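See structure below.
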Amino acid sequence: MGRRHLARELALKVLFEGETDGAAPDRSLEYHANEARADEEVTDFARTLIGGVREHRDTIDARLREASQNWDLDQMAKVERTLLRIATFELCYLPSVPIKAAINESIELAKTFGGPDSGKFVNGILGRIASDAADRPEAHQA
């Protein structure tokens, strides 16, 4: 498992828990990072993802609503919604992350933690968000 993959998995777990039971993100990240034996670099990237999603959640959710024409955010499975938020943050706010990497990692995590069609669902929505992000001058390339 790659380092960024692990960081995304940690962010998924922390954000999922926060949405489910209101767990404190710092404490939750510390627990999951220790359990995964993640080093400081991995933990820092996870912290960036968690903080970014929390800080920009309203804007991220607005972009997700635009991209998921037939789905309300509340209708999405929590795992898929959380992964979409993480990837949307990466696509829109982290120019150092290649678009393809953010999408592919999210698809893989959706296949691991979601249902049988989660990967396709996540791919479809992120494809729309990525095409919007690619039109922006600050968009990042693979």
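Only a predicted model underlies this, so the values are computations on that prediction, with no experimental measurement involved.
- Closest of all the heavy-atom pairs between A46 and L29 is CB-CD1, 3.9 Å.
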Contacts under 3.5 angstrom, residues 104-111 side chains, donor-acceptor by atom type, not counting sequence neighbours:
| unit_1 | atom_1 | unit_2 | atom_2 | d |
| --- | --- | --- | --- | --- |
| N104 | ND2 | K100 | O | 3.3 |
| E105 | OE1 | H5 | ND1 | 2.4 |
| S106 | OG | A102 | O | 2.9 |

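- Remark: of the listed residues D26, I50, L49, I50 is the sole one forming a side chain to side chain contact (heavy atoms under 4.5 Å, CB included) with V14.
- Using a 4.0 Å cut-off between a side-chain N of Lys or Arg and a carboxylate O of Asp or Glu, E17 and K13 do not qualify as a salt bridge.
- The line from CZ of F121 to CG of L126 is 9.5 Å long, rounded to the nearest 0.5 Å.
- In this structure, NZ in K78 is found 13.0 Å from CG in L15, a value given to the nearest 0.5 Å.
- Contact between R128 and S68 at its shortest, heavy atoms only, is NH1-CA, 4.2 Å.
- Scanning all heavy atoms of the two residues, the minimum distance from T43 to A33 falls at OG1-CB, 3.6 Å.
- For the atom pair CZ of R85 and CZ of F16, the computed distance is 11.5 Å after rounding to the nearest 0.5 Å.
- The line from OG1 of T88 to CG of L64 is 4.0 Å long, rounded to the nearest 0.5 Å.
- Residue pairs that meet the ring-ring contact (aromatic ring centres under 6.0 Å, His included) test with at least one member in residues 96-119, sequence neighbours left out, do not exist here.
- Remark: the backbone N or O of V42 is paired with a side-chain donor or acceptor of D39 at under 3.5 angstrom.
- Every residue two or more places apart in sequence or in another chain that forms a salt bridge (charged side-chain N to carboxylate O under 4.0 Å, His left out) with R8 is listed here: E90.
- L10 and Y31 are members of different hydrophobic clusters when ILVMFWY side chains are connected at heavy-atom separations under 4.5 Å.
- The side-chain heavy atoms of R57 and F89, taken from C-beta on, include no pair separated by under 4.5 Å.
- Under the 4.5 Å side-chain criterion, counting only non-hydrogen atoms from C-beta, R54 is not in contact with I60.
- Residues passing the side-chain hydrogen bond (donor to acceptor under 3.5 Å, both in side chains) test with H56: none are found, sequence neighbours excluded.
- Looking at heavy atoms from C-beta onward, V97 lies in side-chain contact with F45 at the 4.5 angstrom threshold.
- In this structure, S131 OG and L91 CG are separated by 10.0 Å, a value rounded to the nearest 0.5 Å.
- Looking at residues two or more places apart in sequence or on another chain, you find a salt bridge (charged side-chain N to carboxylate O under 4.0 Å, His left out) between E40 and R47.
- The distance from the CG atom of L94 to the OG1 atom of T48 is 7.0 Å, given to the nearest 0.5 Å.
- Qualifying salt bridge (charged side-chain N to carboxylate O under 4.0 Å, His left out) partners for R81, counting only residues two or more places apart in sequence or in other chains: E19.
- The closest donor-acceptor contact from the side chain of S118 to the backbone of G115 lies under 3.5 Å.
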